[in-house]
Each structure stands twice: as structure tokens, then as C-alpha cells.
Novice: 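Here's a structure for you.
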Amino acid sequence: QVQLVESGGGLVQAGGSLRLSCAASGRTFSSYAMGWFRQAPGKERKFVGGIRRSGGSRYYADSVKGRFTISRDNAKNTMYLQMNSLKPEDTAVYYCAATPRDTVVGGVDYWGQGTQVTVSS
């Protein structure tokens, strides 16, 4: 079992940057593949990016490639999402996700409560 808590959301102008954090409980953080998803109003939750257990492999949705970077610090039980060159269409609730499988693309077992990101034009 792992509990996830996101932070770092807020309001930013287009072109700006934000860094989200996801703090995980427990001592087995390094056993989980992690990732970020987002859900805009009236739309389905969508994959943003993922990172494998060791942090050596990362993968992203096409819509954020080159702008967003995922990282993790297993010693701090924390995952990050650095978001640069933000666009109004990035506005959404961002969710942290974890799974003991290889990647979160294959399925998510644990979700955080979400943090709102709003990008103004």
C-alpha cells in the first residue's frame, strides 16, 4: 500500500513554469513505477508521463514532450513534474499515480488526490 500526495499546483501565465511534487508514504517507493495523469473539465483522465522504478527510463505523451520532465528521488520518496512553456490547454487537475507493474501505462493501482494547474492566456 502506498499513499500519494501532490503539491505545487497553481495559476500561471502561458509560457511560464511550474513544478509539481508527489510525496509517497511507505518505505517501498522504489518498488513502484510512477507517473502523472491529468484531467481537464468534462474530459477523460489522460496520461502525461511516466518513470520506471530506477528513474532510468522516462516516457511522455506527445502533447508534453520537450516541455515536461519527470524525475524521482527514491531517497526522498518523491516524484516531480517540471512543466515549462505552459499552454492554456495544459490546464487540468494533475494526478500522481503508482503501480508495482513495469509502467503506469499498463495500469494504475494508486492515485493521489490531484492538484489543480491553471494556465491563463
Side-chain angles (χ1 to χ4, degrees):
Q1 186 92 9
V2 61
Q3 293 183 329
L4 306 172
V5 179
E6 301 96 333
S7 62
L11 173 64
V12 64
Q13 288 187 331
S17 298
L18 278 176
R19 188 175 84 153
L20 305 183
S21 299
C22 172
S25 65
R27 295 180 291 179
T28 59
F29 178 71
S30 60
S31 299
Y32 294 92
M34 302 292 295
W36 292 94
F37 290 72
R38 66 187 182 186
Q39 187 167 17
K43 297 188 176 181
E44 294 182 347
R45 191 172 299 188
K46 292 185 177 180
F47 169 75
V48 172
I51 187 167
R52 295 188 188 266
R53 296 179 189 87
S54 66
S57 179
R58 313 169 199 190
Y59 40 99
Y60 302 92
D62 288 344
S63 58
V64 306
K65 276 181 184 176
R67 300 188 298 122
F68 289 12
T69 302
I70 290 177
S71 61
R72 67 189 294 167
D73 186 337
N74 286 345
K76 295 182 178 180
N77 284 10
T78 303
M79 174 181 64
Y80 305 97
L81 181 66
Q82 178 66 43
M83 304 186 293
N84 298 329
S85 302
L86 282 161
K87 304 175 182 180
E89 50 264 43
D90 294 318
T91 295
V93 176
Y94 282 70
Y95 294 91
C96 174
T99 180
R101 297 172 241 200
D102 287 343
T103 76
V104 293
V105 175
V108 174
D109 294 88
Y110 304 100
W111 293 100
Q113 84 288 352
T115 186
Q116 177 71 47
V117 172
T118 303
V119 184
S120 64
S121 57

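Because the structure is predicted, anything quoted here is derived from the model rather than measured.
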Novice: Is Y80 isolated, or which residues cluster with it under the ILVMFWY side-chain rule of less than 4.5 Å, directly or via members?
Specialist: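 None; Y80 is a cluster of one.
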Novice: Would M34 and V104 satisfy side chain to side chain contact (heavy atoms under 4.5 Å, CB included), going step by step from the backbone distance to the final call?
Specialist: CA-CA 6 Å; M34 302 292 295; V104 293; 5.5 Å; no
Novice: Within the structure provided, determine whether S63 and R38 are in side-chain contact (heavy-atom separation under 4.5 Å).
Specialist: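 The answer is yes; the side chains approach within 4.5 Å.
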Novice: Look up atom OG in S17 and atom CD in Q82, then write down how far apart they are to the nearest 0.5 Å.
Specialist: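 S17 atom OG to Q82 atom CD measures 5.5 Å (nearest 0.5 Å).
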Novice: Does Y32 belong to the same Ile/Leu/Val/Met/Phe/Trp/Tyr cluster as L20, with side-chain heavy atoms less than 4.5 Å apart forming each link?
Specialist: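 Shared cluster, yes.
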Novice: With rounding to the nearest 0.5 Å, note down the distance linking CG in N84 to CZ in F68.
Specialist: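 Rounded to the nearest 0.5 Å, the CG-CZ separation comes to 8.5 Å.
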Novice: Evaluate the side-chain proximity of I51 to M79: yes if any heavy-atom separation is below 4.5 Å, no if none is.
Specialist: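 Yes - at least one pair of side-chain heavy atoms lies under 4.5 Å apart.
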Novice: Just verifying a value: how many Å separate S21 OG and L4 CG, rounded to the nearest 0.5 Å?
Specialist: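 Between S21 OG and L4 CG, I get 12.5 Å after rounding to 0.5 Å.
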Novice: Could you report the tightest heavy-atom contact between S25 and V2, atom names first, then the distance?
Specialist: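 Between these two residues, the closest heavy atoms are O-CG2, 3.4 Å.
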Novice: So which atom in R52 and which in Y59 form the shortest heavy-atom distance, rounded to 0.1 Å?
Specialist: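 Smallest heavy-atom distance, with atoms named: CG-CE2, 4.3 Å.
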Novice: From Y94 OH over to Q39 CD, what is the distance, rounded to the nearest 0.5 angstrom?
Specialist: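 Nearest 0.5 Å value for the OH-CD distance: 12.0 Å.
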Novice: Does Q116, at its CD atom, have more than 12 non-hydrogen atoms belonging to other residues, nucleotides or ligands within less than 6.0 Å?
Specialist: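 Enclosed: over 12 neighbouring heavy atoms sit under 6.0 Å from CD of Q116.
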Novice: Under 6.0 Å between the ring centres of F47 and W36?
Specialist: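 Distance test on ring centres: not under 6.0 Å, no.
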Novice: So does K87 pair up with D90, basic N to acidic O under 4.0 Å?
Specialist: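 Salt bridge: no.
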Novice: May I ask you to decide if L11's main-chain N or O and T118's side chain share a donor-acceptor pair within less than 3.5 Å?
Specialist: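 Checked: no pair found.
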Novice: As a test of understanding, state which of V48, V12, V117, V64 forms a side-chain contact (heavy atoms from CB on, under 4.5 Å) with M83.
Specialist: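 When V48, V12, V117, V64 are each tested with M83, the side-chain contact (heavy atoms from CB on, under 4.5 Å) holds only for V117.
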Novice: I'd like to know if the side chain of E6 and the backbone of C96 have a donor-acceptor N/O pair within less than 3.5 Å.
Specialist: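 Here the side-chain-to-backbone pair exists.
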Novice: Check whether any side-chain heavy atom of L81 lies under 4.5 Å from a side-chain heavy atom of T69, and answer yes or no.
Specialist: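 Result no, sub-4.5 Å side-chain heavy-atom pair not found.
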Novice: Where do T91 and A40 come nearest, in terms of heavy atoms and distance?
Specialist: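 So the two residues come closest at O-CB, 3.8 Å.
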Novice: For residues V108 and T99, determine if any side-chain heavy atom of one lies less than 4.5 Å from a side-chain heavy atom of the other.
Specialist: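 Counting from C-beta outward, V108 and T99 never come under 4.5 Å.
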Novice: Enumerate the salt bridge (charged side-chain N to carboxylate O under 4.0 Å, His left out) contacts for residues 94-103, please, sequence neighbours excluded, ordered by first and then second residue.
Specialist: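 Qualifying pairs, neighbours excluded: R53-D102, R101-D109.
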Novice: With F37 as reference, evaluate Y110, W111, Y95 under the ring-ring contact (aromatic ring centres under 6.0 Å, His included) test and give the passing residue.
Specialist: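 Exactly one pass, corresponding to W111.
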Novice: Kindly confirm or rule out a cation-pi arrangement of R72 over F29, judged by NZ or CZ under 6.0 Å from the six-membered ring centre and within 45° of its axis?
Specialist: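 R72 over F29 ring: yes.
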Novice: Ignoring hydrogens and geometry, is there a side-chain-to-backbone donor-acceptor pair from S30 to N74 under 3.5 Å?
Specialist: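 Not confirmed, S30 side chain does not pair with N74 backbone.
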